[in-house]
Amino acid sequence: MANQKDRVKFNVGGKTFETTATTFAVAGRNSFFGALFDENWNLQPDQSNEYFINRDPDCFGVLLNLLRTGELCTPHHIPEKLLYREAMFYGLLDHVRSAKWGPFDGNRLCLSQSIKNYAAADGTVIRASPHGGCCVAHSNVVHVYDWMLEEHPPVNLDFQKVNDVGWIDEETFVVGASERQGGGGGMGLFSASTGELRHRFQVTCWDQLKGYTAGALCSSSDKIFSSCKSGKDIKNGICVWDQVTGKLIDCYEEAPGSLLDRSLGNADRLQWLHSTNCLMVASLSKKEKDYSLISLWDVRVKKMVWNWPDSFQYSNGSWIQYSDSSMKTVRDVIAMEEVNSICAVNQYEEFGFLDLRSSREVRSVMGLRTFNMCNKSKVKLALHDNQLFLLTHGRISVFCGPDWEPTSRLPRPDTAPICDISLGGDRLFALHEASNSLGFFHVDLLFFIFVSLVMVEDGIAYDAFRRKLCAYLAMNQMGNPGFEMVAKISTTSWNSLSSKLFQFLVNVVLLNEELIKCICYFKWENLPTKRGKHQRPLFPIKRTTIVRAVAVPVAPSPAEILPSPAESAEYRIQLSKTYGFRQIGEPLPDNVTLKDIIGTLPKKVFEIDDMKAWKSVLISVTSYVLGLFMISKSPWFLLPLAWAWTGTAITGFFVIGHDCAHKSFSKNKLVEDIVGTLAFLPLIYPYEPWRFKHDQHHAKTNMLSEDTAWHPVRREEFDSSPVLRKAIIYGYGPFRPWMSIGHWLMWHFDTKKFRPNELKRVKISLACVCAFMAVGWPLIVYQTGIMGWIKFWLMPWLGYHFWMSTFTMVHHTAPHIPFKHSDEWNAARAQLNGTVHCDYPRWIETLCHDINVHIPHHISPRIPSYNLRAAHQSLRDNWGKYLNEATWNWRLMKTILTVCHVYNKEQNYIPFDEIAPKESYPITFLKKVMPDSA
């Protein structure tokens with residue numbers, strides 16, 4: 001029974017609805033109703049105690065019942081597109097999709113709709129948007145369709161052939177076109193709703209705009225990549241633009257005429273690999289004699305780090321073919337990050353997997369059924385979760401499982417063969433070759449049953465099973481979302497029973513209209529295979545122990561709707577007081593991406609201001625000189641204060657080098673490298689080695705075993721030896737504020753920790769550091785003696801490491817912030833929820849250039865330090881309830897030093913004194929002597 005205070009009234013288009021706020025909580029915080037009841041809005045009802053909404057009342061009633069029951073029941077008089085528009089207005093489109101289609105599964109796809117297009121030329125490409133729409137390129141025209149497959153105004157490029165299209169978000173997409181005689185071509189950003197050109201991505205040569213041909217496209221969270229070529233002035237290569245500003249920020253190019261030059265400028269497929277920050281570039285075979293080249297480029301160093309086939313070797317500045325290759329003619333490729341492989345299909349319709357961990361080495365090649373495919377046949381690959389889609393001979397096949405066995409094949413279309421496919425928004429789009437029509441496939445949900453059938457020697461009869469199933473259906477008409485039934489069936493009678501069972505389920509679906517909710521589908525252990533023209537049984541006849549049936553509930557249970565203790569506001573407030581935080585943020589929803597968060601930041605926070613950058617250099621140099629003066633003039637009892645000031649001042653040097661490493665200090669990259677190297681020299685930090693490892697920290701923040709900054713102690717490491725255990729206890733306990741010294745020694749001076757293409761820059765940085773030590777230290781000793789070296793360099797250096805250790809561990813360490821394995825890791829949650837904003841005294845913030853305004857820096861490292869406060873305010877305005885914030889206090893430090901020790905998946909951390917209480921007396925000592933003030 002609902003609480004009286006929980007009841008709310010709505011007047012929708014003149015019709016009154018009464019429900020509870022709890023029902024609308026199912027809609028989520030990002031919906032219309034989530035905003036309506038948000039405490040920051042504080043919207044009040046009118047005099048009749050109703051909220052008025054000027055929308056369609058019939059659709060509102062359908063959507064309200066969807067929130068109540070999790071089921072979508074649409075009366076015949078309501079047009080489907082009208083309901084979709086209303087759901088989009090209320091922010092309930094994802095709920096409608098889930099209730100109507102369910103999770104995407106390539107083995108259960110059916111053709112939903114076909115659209116005839118009357119373009120004059122054959123279709124070039126089709127690209128699905130992330131939200132279920134698509135765009136189709138026909139010669140120089142791009143047709144755009146939304147989620148309801150309503151066509152928006154097309155994009156016409158006036159005699160410039162479209163080569164590729166890429167979606168940036170639901171509202172914008174990029175078009176790459178060929179250069180025509182007299183200029184033109186290139187790449188532009190267009191509005192999906194109006195077709196307007198929002199931005200043109202330009203290439204300049206000698207301060208003059210140049211025309212170019214944009215080929216394959218792809219994008220990361222903040223960059224757009226395109227293969228580019230031009231007959232004049234511009235080398236062939238891969239150009240990189242900034243998504244926010246639209247400026248050309250990089251170009252990967254090789255000498256004209258080289259094999260790699262052809263590969264880059266004529267690349268047919270680009271794919272961004274999020275986990276490695278690498279770009280896959282593939283030049284595919286268009287003719288039988290063409291060779292293919294696949295390579296990976298590390299965007300941080302602009303170098304190729306992997307290539308295939310190994311018959312091509314780099315020698316004397318060019319690529320040379322030494323031997324033939326068994327898969328030289330590759331028709332399409334796709335990278336599979338979860339298994340560190342690239343799948344490639346050759347001209348014989350054989351596909352193999354290239355191991356990315358072993359340079360230029362084919363891990364395995366598996367032959368499919370050979371169909372004597374001619375070169376005119378279109379070959380396309382697509383990937384969704386663990387399902388691989390292969391288009392050949394105008395038909396789409398699906399491959400699943402660890403051995404990538406064929407599990408299903410979509411029916412051959414009646415109109416024309418399929419020439420291109422694309423996946424997005426839980427839909428598979430297919431473009432037909434000659435008829436200029438497109439179709440899309442989705443999972444058609446009709447009926448829901450969750451059954452587990454276990455076969456033993458003796459069992460029950462079919463009629464008994466039928467009675468139990470009917471009883472379940474009658475009991476669950478109100479949408480009870482879960483059930484498991486075990487039926488004991490004789491293995492000898494399974495073949496005959498299976499067909500009866502299937503026929504019975506079909507009859508139930510056809511005869512019970514009220515129960516048409518979703519489909520009953522079975523994932524059999526032995527999936528059906530093609531047997532030529534011979535008739536195959538409905539189910540594979542195989543004596544096995546278990547046949548599993550799997551389905552997903554349509555609606556969450558009431559227990560799942562209620563917030564968990566960790567998500568309740570009262571629980572988070574209590575945790576904040578216990579841990580010394582000002583605020584512990586709510587868990588970020590799973591559907592929020594890092595790109596969504598970056599999109600809310602104003603563009604001005606990404607702008608580099610040379611005046612502000614050099615002002616920060618002036619502040620650091622002046623404060624450091626002042627610190628040295630204080631050390632030289634202070635009596636012995638004031639030296640600790642002078643060392644504290646000077647150590648904080650040279651921490652500002654680190655922040656300046658830090659901005660240079662992230663390319664956010666200057667528009668001139670050479671200046672950044674020089675300033676970064678010089679800023680790091682007084683700290684004895686090699687600039688390039690630190691930059692390479694720090695990039696990995698940003699790419700894999702709070703990822704277990706991958707993050708190169710702080711991470712929890714592993715239990716096996718802690719138990720490995722008594723000596724190491726004692727060292728770990730002291731290191732993560734009382735000596736933790738100086739643990740960055742150990743990190744400095746272990747990570748930045750060992751050349752074995754770096755890739756071969758990084759070694760040259762690493763060695764240059766190490767040589768600079770050694771030169772500084774060889775020249776600078778003897779000069780200090782010569783002028784001031786050993787005690788002078790300790791006073792003027794060592795003690796401030798230890799002060800710097802105190803701040804380095806403290807800042808780093810406060811940024812990402814807290815009992816409620818988890819470290820995740822790579823398969824569970826979420827980038828947006830790690831960067832927004834897994835980073836802490838901590839306020840320090842103002843003089844520290846000034847000398848350290850606001851490095852502790854750290855959350856926006858992890859959202860986008862390209863934000864300069866002088867813009868971090870403006871960016872953080874924007875995050876507060878848009879994502880404030882998800883932020884972790886604190887003011888530096890003793891309770892915060894005590895929590896980190898005495899609690900955050902050994903990794904535990906359930907609790908995040910286990911303190912040392914719970915595992916080894918006798919050996920953890922340093923931790924016990926800290927608990928007794930450290931203040932507990934917050």
Side-chain angles (χ1 to χ4, degrees), residues 620-621 623-658 678-687 689-690 694 709-710 727-749 769-770 772-774 776-781 783-811 813 838 840-841 843-849 851-852 888 890 893-894 896-897 922 925-926 929-930:
S620 291
V621 172
S623 59
Y624 180 57
V625 172
L626 178 60
L628 295 178
F629 178 78
M630 292 167 58
I631 293 173
S632 66
K633 299 299 182 182
S634 297
W636 66 269
F637 54 86
L638 291 181
L639 279 176
L641 295 179
W643 289 333
W645 173 274
T646 312
T648 309
I650 61 173
T651 305
F653 287 179
F654 168 81
V655 179
I656 292 170
H658 174 268
L678 293 176
F680 272 28
L681 283 183
L683 310 173
I684 315 298
Y685 252 91
Y687 172 72
W690 176 86
H694 187 69
W710 295 104
I728 289 173
I729 291 174
Y730 275 97
Y732 277 77
F735 295 151
R736 197 166 189 177
W738 288 275
M739 272 283 284
S740 59
I741 298 175
H743 186 275
W744 164 72
L745 285 171
M746 289 189 297
W747 280 98
H748 304 113
F749 293 91
V769 169
C770 293
F772 179 84
M773 294 169 63
W777 282 4
L779 282 177
I780 297 174
V781 174
Q783 293 290 333
T784 63
I786 293 295
M787 290 305 299
W789 178 80
I790 295 173
K791 282 175 58 177
F792 288 99
W793 185 83
L794 180 61
M795 298 308 293
W797 185 75
L798 293 175
Y800 152 73
H801 272 287
F802 170 81
W803 288 124
M804 181 69 172
S805 301
T806 301
F807 291 167
T808 308
M809 65 182 174
V810 171
H811 287 161
T813 309
C838 186
Y840 291 79
W843 70 274
I844 297 176
E845 300 280 17
T846 301
L847 294 184
C848 298
H849 309 301
I851 190 61
N852 293 294
W888 191 92
W890 284 108
M893 293 300 296
K894 186 176 182 178
I896 294 174
L897 295 178
F925 175 76
L926 289 177
V929 301
M930 288 187 70

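Every value quoted in this text rests on a predicted model; they were computed, and no experiment measured them.
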Non-hydrogen side-chain atoms of M630 and L641 separated by less than 4.5 Å: no
Value rounded to 0.5 Å, distance of OH in Y730 from CE in M739: 14.5 Å
Parallel, tilted or perpendicular: ring planes of H801 versus W797, cut at 30 and 60 degrees: perpendicular
Close side-chain approach of F925 and P734, heavy atoms under 4.5 Å: no
Point-to-point distance, once rounded to the nearest 0.5 Å, from CG of L798 to CH2 of W793: 8.0 Å
Donor-acceptor pair, side chain of W643 and main chain of L794, under 3.5 angstrom: no
Spacing of OH belonging to Y800 relative to CH2 belonging to W738, to within rounding of 0.5 Å: 14.5 Å
Test item: S632 side-chain N/O and F629 main-chain N/O as donor-acceptor pair under 3.5 Å: yes
Closest approach of L897 to P737 (non-hydrogen atoms, all atoms of both residues): CD2-CD, 4.4 Å
From CH2 (W803) to CD1 (I650), nearest 0.5 Å: 13.0 Å
Check: I684 main-chain N/O paired with W744 side-chain donor or acceptor under 3.5 Å: yes
Any donor-acceptor N/O pair, R736 side chain to I896 backbone, under 3.5 Å: yes
Parallel, tilted or perpendicular: ring planes of F680 versus W690, cut at 30 and 60 degrees: perpendicular
Sidechain-backbone polar pair: S805 side chain, S740 backbone, donor-acceptor under 3.5 Å: yes
Full working for side-chain contact (heavy atoms from CB on, under 4.5 Å) between Y840 and V810: CA-CA 11 Å; Y840 291 79; V810 171; 3.9 Å; yes
Heavy-atom pair with the smallest gap, counting every atom of L847 and A649: CD1-N, 4.3 Å
Minimum side-chain heavy-atom gap P796-I631 below 4.5 Å: yes
4.5 Å side-chain heavy-atom contact, W747 and P689: no
Aromatic contact, F772 with W777 (centres under 6.0 Å): no
Parallel, tilted or perpendicular: rings of W890 and W888 (30°, 60°): perpendicular
Reported CH2-to-OG1 distance for the pair W789 and T784, which is rounded to 0.5 angstrom: 10.5 Å
T646 side chain reached by M795 side chain, heavy atoms, under 4.5 Å: no
Contact check, side chains of F792 and Q783, non-hydrogen atoms, under 4.5 Å: no
Non-hydrogen side-chain atoms of F807 and C848 separated by less than 4.5 Å: yes
Heavy-atom side-chain contact between S620 and H849 under 4.5 Å: yes
Value rounded to 0.5 Å, distance of NE2 in H811 from CG in N852: 4.0 Å
Residue pair V621, F653: steps toward the side-chain contact (heavy atoms from CB on, under 4.5 Å) verdict: CA-CA 8 Å; V621 172; F653 287 179; 4.3 Å; yes
